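Because the structure is predicted, anything quoted here is derived from the model rather than measured. Note that ligands are numbered from 1 as they come in the structure, with each ligand's atoms numbered from 1 the same way.
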Amino acid sequence: MQTFHDIAQYRRWRDSVGSPVVFVPTMGALHEGHASLVAQARQQAGHRGSVVASIFVNPLQFGAGEDFSRYPRTLPADEELLTAHGADVLFAPAAATMYPAGKSDMLVMPGKIGEWWEGADRPGHFQGVCTVVAKLLNIILPTHMILGQKDFQQYVILAQMMEQLNFPVELIVAPTRREPDGLAMSSRNRYLSAEERQRAPAIYRTLCWAVNEARRGDRDAAQLGQEIRQRVDAAGLVTRYAAICNRHTLIAVEGAIGLQDVILIAAKLGTTRLIDNMRVDETVPVALTPREMS
Ligand code: PAF
């Protein structure tokens, strides 16, 4: 695998290869979830195509007081993981390469959808995500981009950005990878203390329970949302939101819940923010014990 820190060097490589070029954008601190995105990218690219990953901890998507400065930076280990899973190229620019003026004056604004759920708690976050992904797409020039389902709102917003701003790139969403106890893999899991790590799967168990409840067909969304919050809080987390919304528009469901909906949860565990989601039409794994499901 070749690593490029510089746009001109990357572009020389890009000019020398044909299609497809499958892109996996990341902020590094890579784990098995990222590995599965890269493996999927490898499959999509085939022998003739190329797999490009990027690592850039984007200052624009972190708010004041968030974890930008302590976000784990683990480049050598990340390079190993990417190589092992079939990436051809890593693009790992410095902040000055992405934002030569120190900040980006030109911003991509996601509109109202960027102000709900995660966006309500993290003002400006999705503007930062859209801006950096637009820049990365223009630098990398991929034919495909793979994103994880775990960041569901990010995926929906970026899908809208790519459609509305006419990026000629096919977007692929990959399923969330989970630890054996159901906790969604995330770079932020490494912030958790041993005690917090024990509590963290409550989000997943609550999602499984809630999806089964939602599928009954007679559950009211607002009521179920309340019960989700209670369950997550009872496990010692602090729910930030429990959203039951349409999976294309992310507009909150009123009344009965349908198979086209998704349940999004964000919760704080100590100082760590965890997010997870499940589509109502998703198959709920049978690994949970009856006690855990009740
Ligand atoms: O999901 C992430 O890791 C980031 O938000 C992304 C898409 C790489 C943009 O910085």
Margin query: If we count only N and O atoms by modelled type, under 3.5 Å, do the side chains of T272 and E196 hold a donor and an acceptor together?
Written below: no

Notebook entry, point to check: Any side-chain donor paired with an acceptor under 3.5 Å for Y71 and E66?
Noted result: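 The answer is no; no qualifying pair exists.
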
Checklist line | Partners passing salt bridge (Lys or Arg N to Asp or Glu O under 4.0 Å) against E195 (at least two apart in sequence or in another chain) | finding: R199

Notebook entry, point to check: Would you call D88 and R42 a salt bridge, using N to O less than 4.0 angstrom?
Noted result: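 Salt bridge present between D88 and R42.
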
Checklist line | Carboxylate-amine/guanidinium proximity below 4.0 Å for R12 and D6 | finding: no

Next item on the list: List the steps, then state whether side chain to side chain donor-acceptor pair (under 3.5 Å) holds for E227 with Q223.
Entry: CA-CA 6 Å; E227 291 174 36; Q223 176 62 36; 2.9 Å; yes

Margin query: Give the residues near ligand 1 by chain and number, with the criterion being a heavy-atom distance under 4.0 Å.
Written below: P25, T26, M27, Q61, V132, V133, D151, Q154

